[in-house]
Amino acid sequence: MKKDKVKFEDDGRTIANMNVEGMPWYKGPSAPKLSDGAQDGQSGEQPEELTPEGRRAMTGGILAASLLVGSIYAVAIFLFILFCIYVWF
């Protein structure tokens with residue numbers, strides 16, 4: 001029993017804007033805007049301003065995440081050195 005193939009229908013939405021500078025199909029800045037008002041990854045909304053407390057919280061979160069990743073690498077290097085000293089050599 002064969003299933004019927006579903007025919008593709010283009011609804012006109014832009015999933016990813018492929019208008020990249022340097023490509024043969026590049027349409028300069030005078031190209032028409034996309035239907036939803038966004039072009040080149042810009043949504044048209046202004047970014048939200050952070051309060052000093054929010055900025056401190058964001059910086060603390062970034063610092064904690066980077067220290068966690070750095071400590072994981074440090075432990076891995078330390079364990080590799082122990083392996084080299086006591087097992088390999």
Side-chain angles (χ1 to χ4, degrees):
M1 182 163 41
K2 290 187 175 181
K3 293 185 179 180
D4 293 333
K5 289 187 178 180
V6 178
K7 189 162 184 150
F8 175 75
E9 292 183 30
D10 187 13
D11 57 0
R13 292 183 296 165
T14 301
I15 304 301
N17 186 6
M18 303 303 284
N19 189 23
V20 180
E21 189 173 342
M23 295 299 214
W25 56 81
Y26 177 67
K27 301 174 190 169
S30 64
K33 299 265 185 201
L34 298 176
S35 60
D36 62 353
Q39 187 170 3
D40 297 331
Q42 298 173 355
S43 64
E45 298 176 8
Q46 294 296 325
E48 183 177 323
E49 290 294 324
L50 291 176
T51 61
E53 295 84 20
R55 198 172 290 132
R56 270 194 294 275
M58 185 175 65
T59 304
I62 292 170
L63 183 62
S66 60
L67 287 175
L68 176 66
V69 171
S71 64
I72 290 172
Y73 275 105
V75 168
I77 291 171
F78 177 72
L79 290 175
F80 178 72
I81 291 173
L82 287 178
F83 171 76
C84 287
I85 290 173
Y86 291 112
V87 177
W88 198 351
F89 297 131

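Remember, it's a predicted structure, so these values are computed and weren't measured experimentally. Quick note: residue numbers are just sequence positions, from 1.
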Exercise answer: donor-acceptor pairs, residues 50-60 side-chain atoms, under 3.5 Å, sequence neighbours excluded:
residue: T51; atom: OG1; partner: G54; partner atom: N; Å: 3.2
residue: R55; atom: NH2; partner: L50; partner atom: O; Å: 3.3
residue: T59; atom: OG1; partner: R55; partner atom: O; Å: 2.8

Only distances under 3.5 Å count here; give the side-chain donor-acceptor pairs of residues 62-70 to other protein atoms, sequence neighbours excluded, each with its distance to 0.1 Å.
residue: S66; atom: OG; partner: I62; partner atom: O; Å: 3.1
residue: S66; atom: OG; partner: L63; partner atom: O; Å: 2.9

With a cut-off of 3.5 Å and sequence neighbours excluded, list every side-chain donor-acceptor pair involving residues 73-89.
none

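The side chain to side chain contact (heavy atoms under 4.5 Å, CB included) test applied to I15 returns no partner, not counting sequence neighbours.
When hydrophobic residues (I, L, V, M, F, W, Y) are linked wherever their side-chain heavy atoms come within less than 4.5 Å, V6 remains an isolated member.
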